[in-house]
Amino acid sequence: MARSPIKHLIEKEGIAALFFLVFCTALALKFPAGVGTSNQAPSVSHAVAPWIFGPFQILLLYLPPWLGALVFPLLLIAGVAGLPWLVDLWGVKSGQRIFVVFFGLIMILLIWFMVKEFWWT
């Protein structure tokens with residue numbers, strides 16, 4: 001029986017992905033991470049993360065640690081990862097509605113946390 005070209009392609013991509021991960025790991029071990037501040041920049045009293053971690057920092061600031069660091073991010077990741085199966089199960093229109101609800105809920109929470117951060121200080 002002949003090999004499936006898709007299976008052969010998956011094997012090639014898997015091997016390439018492993019080599020890429022090894023290469024990235026070697027680069028990460030070779031060069032230090034530039035997390036600190038430079039001599040010219042004004043010093044800050046606390047560490048500031050990149051903008052992508054801002055929502056998680058806000059969740060950790062206002063919620064209990066187990067809820068903000070474990071439950072909400074896992075629910076968010078599971079919801080976004082499960083969206084394709086929900087679309088196949090319920091149809092495209094329902095999948096779009098679910099995506100809009102997830103996006104709206106995240107935006108409402110972020111806006112509420114940001115308003116709470118700047119309004120009550």
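- With a 4.5 Å cut-off between side-chain heavy atoms of Ile, Leu, Val, Met, Phe, Trp and Tyr, the cluster of L74 takes in L70.
- Interatomic distance, F31 CZ to L27 CG, rounded to the nearest 0.5 Å: 6.0 Å.
- Residues I15 make up the rest of the hydrophobic cluster containing F19, defined by ILVMFWY side-chain heavy atoms closer than 4.5 Å, directly or through other members.
- Note that CG of L18 and CZ of F23 are 15.0 Å apart. Values are rounded to the nearest 0.5 Å.
- There is a path of hydrophobic side-chain contacts, each under 4.5 Å, that joins M107 to W112.
- Rounding to the nearest 0.5 angstrom, the gap separating the CD1 atom in I106 from the CZ atom in F103 is 8.0 Å.
- Cluster membership for L76 and V101, using ILVMFWY side-chain heavy atoms within less than 4.5 angstrom, is not shared.
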